[in-house]
Chemist: 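Here's a structure for you.
Every value quoted in this text rests on a predicted model; they were computed, and no experiment measured them.
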Amino acid sequence: MRILIVIPALNEASIIAGTVAAVRAALVRDFPEDDAHLLVVDNGSSDGTAEAAESACRDTDGVSVLRLDERGKGLAIREGWNSADADAYVFMDADLAT
């Protein structure tokens with residue numbers, strides 16, 4: 001079963017690397033490597049969130065970043081989910097509250 005987890009991120013540069021590491025660790029523990037993908041969707045950040053996420057993802061399989069110019073959590077989730085085929089689509093907040 002392929003799972004896609006989208007993390008919409010707006011001005012989360014200070015925490016996004018930790019979020020990526022925590023979520024990726026849970027994914028590799030619970031899913032075969034090719035069955036899980038983590039996608040950070042930067043939606044119009046002005047604080048370097050995309051760059052921080054790209055740095056955190058650089059040498060990690062199954063993790064990528066999508067940049068959007070327009071803001072909106074719903075937009076980020078929808079565009080992230082539309083970017084890949086999966087059997088299960090999930091989102092969680094960058095601070096892992098949801």
Side-chain angles (χ1 to χ4, degrees):
M1 176 164 100
R2 294 173 306 171
I3 185 170
L4 172 64
I5 298 177
V6 169
I7 298 178
L10 176 64
N11 295 329
E12 302 286 1
S14 64
I15 65 166
I16 200 65
T19 299
V20 167
V23 174
R24 187 65 188 145
L27 286 175
V28 298
R29 182 185 66 230
D30 295 333
F31 293 93
E33 187 173 323
D34 293 337
D35 287 350
H37 188 79
L38 171 62
L39 176 63
V40 177
V41 181
D42 175 71
N43 57 326
S45 295
S46 59
D47 71 343
T49 295
E51 292 82 3
E54 288 169 348
S55 178
C57 298
R58 186 163 290 121
D59 295 319
T60 306
D61 292 333
V63 182
S64 60
V65 178
L66 174 64
R67 290 183 183 213
L68 302 176
D69 293 329
E70 191 174 345
R71 291 185 175 191
K73 183 176 183 176
L75 173 68
I77 294 166
R78 184 181 70 232
E79 292 300 313
W81 284 349
N82 286 336
S83 72
D85 288 327
D87 298 308
Y89 295 87
V90 178
F91 85 90
M92 57 181 49
D93 292 332
D95 64 0
L96 302 178
T98 301

Chemist: When you group the ILVMFWY residues by side-chain heavy-atom contacts below 4.5 Å and let the links chain together, are Ile77 and Leu96 in the same group?
Modeler: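 No; tracing contacts between hydrophobic side chains, which count when under 4.5 Å, never links both residues.
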Chemist: With sequence neighbours excluded, give me every side-chain hydrogen bond (donor to acceptor under 3.5 Å, both in side chains) pair touching residues 78-92.
Modeler: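 Sorted pair list comes back empty.
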Chemist: To the nearest 0.5 Å, what is the distance between CZ on Arg2 and CG on Asp35?
Modeler: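 Answer rounded to 0.5 Å: 8.0 Å.
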Chemist: Partners of Asn11 by side chain to side chain contact (heavy atoms under 4.5 Å, CB included), sequence neighbours excluded?
Modeler: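 So Asn11 forms a side chain to side chain contact (heavy atoms under 4.5 Å, CB included) with Ser45, Ser46, Asp47, Arg71.
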Chemist: Looking only at heavy atoms, which two atoms of Thr49 and Ala13 are closest? And how far apart?
Modeler: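 Distance-wise, the nearest heavy atoms are OG1-N, 3.1 Å.
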Chemist: How close do Val41 and Gly80 get, heavy atom to heavy atom, and via which atoms?
Modeler: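 For Val41 and Gly80, the tightest heavy-atom pair comes out as CG2-CA, 4.0 Å.
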Chemist: Determine whether Met92 and Phe31 fall in the same hydrophobic cluster, where Ile, Leu, Val, Met, Phe, Trp and Tyr are linked whenever their side-chain heavy atoms lie under 4.5 Å apart.
Modeler: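 Hydrophobic grouping puts Met92 with Phe31.
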Chemist: Using the rule that Ile, Leu, Val, Met, Phe, Trp and Tyr join whenever any side-chain heavy atoms are under 4.5 Å apart, tell me whether Leu75 and Val6 fall into a single cluster.
Modeler: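 As far as the 4.5 Å side-chain criterion goes, Val6 and Leu75 are connected within one cluster.
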Chemist: Is there a path of hydrophobic side-chain contacts, each under 4.5 Å between heavy atoms of I, L, V, M, F, W or Y residues, that connects Phe91 with Leu10?
Modeler: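 Hydrophobic grouping puts Phe91 apart from Leu10.
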Chemist: CG of Leu4 to CG of Leu39: how many Å apart, nearest 0.5 Å?
Modeler: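 The CG atom of Leu39 is 6.0 Å from CG of Leu4, to the nearest 0.5 Å.
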Chemist: Determine all donor-acceptor pairs shorter than 3.5 Å in which one atom belongs to a side chain in residues 22-30; sequence neighbours excluded.
Modeler:
{"residue": "Arg24", "atom": "NE", "partner": "Asp61", "partner atom": "O", "Å": "3.0"}
{"residue": "Arg24", "atom": "NH2", "partner": "Asp61", "partner atom": "O", "Å": "3.0"}

Chemist: Answer yes if Ile5 and Val40 sit in the same cluster of Ile, Leu, Val, Met, Phe, Trp and Tyr residues linked by side chain heavy atoms under 4.5 Å apart, and no otherwise.
Modeler: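 Same hydrophobic cluster.
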Chemist: With a cutoff of under 4.5 Å between side-chain heavy atoms, which Ile, Leu, Val, Met, Phe, Trp and Tyr residues group with Ile15?
Modeler: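 Reading the cluster by chain and number, Ile15 sits alone, since nothing else belongs.
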Chemist: If you apply the rule side chain to side chain contact (heavy atoms under 4.5 Å, CB included), what do you find for Thr19 with Ile7, and how did you get there?
Modeler: CA-CA 9 Å; Thr19 299; Ile7 298 178; 3.7 Å; yes
Chemist: Taking distance alone, no hydrogens or angles, what donor-acceptor pairs closer than 3.5 Å link side-chain atoms of residues 62-69 to residues at least two apart or in another chain?
Modeler:
{"residue": "Ser64", "atom": "OG", "partner": "His37", "partner atom": "NE2", "Å": "2.7"}
{"residue": "Arg67", "atom": "NE", "partner": "Glu54", "partner atom": "OE2", "Å": "3.2"}
{"residue": "Arg67", "atom": "NH2", "partner": "Glu51", "partner atom": "OE2", "Å": "3.4"}
{"residue": "Arg67", "atom": "NH2", "partner": "Glu54", "partner atom": "OE1", "Å": "3.1"}

Chemist: Can you see which heavy atom on Ala56 is nearest to which on Ala17, and at what distance?
Modeler: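 Scanning both residues, the minimum pair turns out to be CB-CA, 3.8 Å.
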Chemist: Could you name each residue pair satisfying salt bridge (Lys or Arg N to Asp or Glu O under 4.0 Å) that touches residues 88-98, not counting sequence neighbours?
Modeler: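 Listed by first then second residue: Lys73-Asp93.
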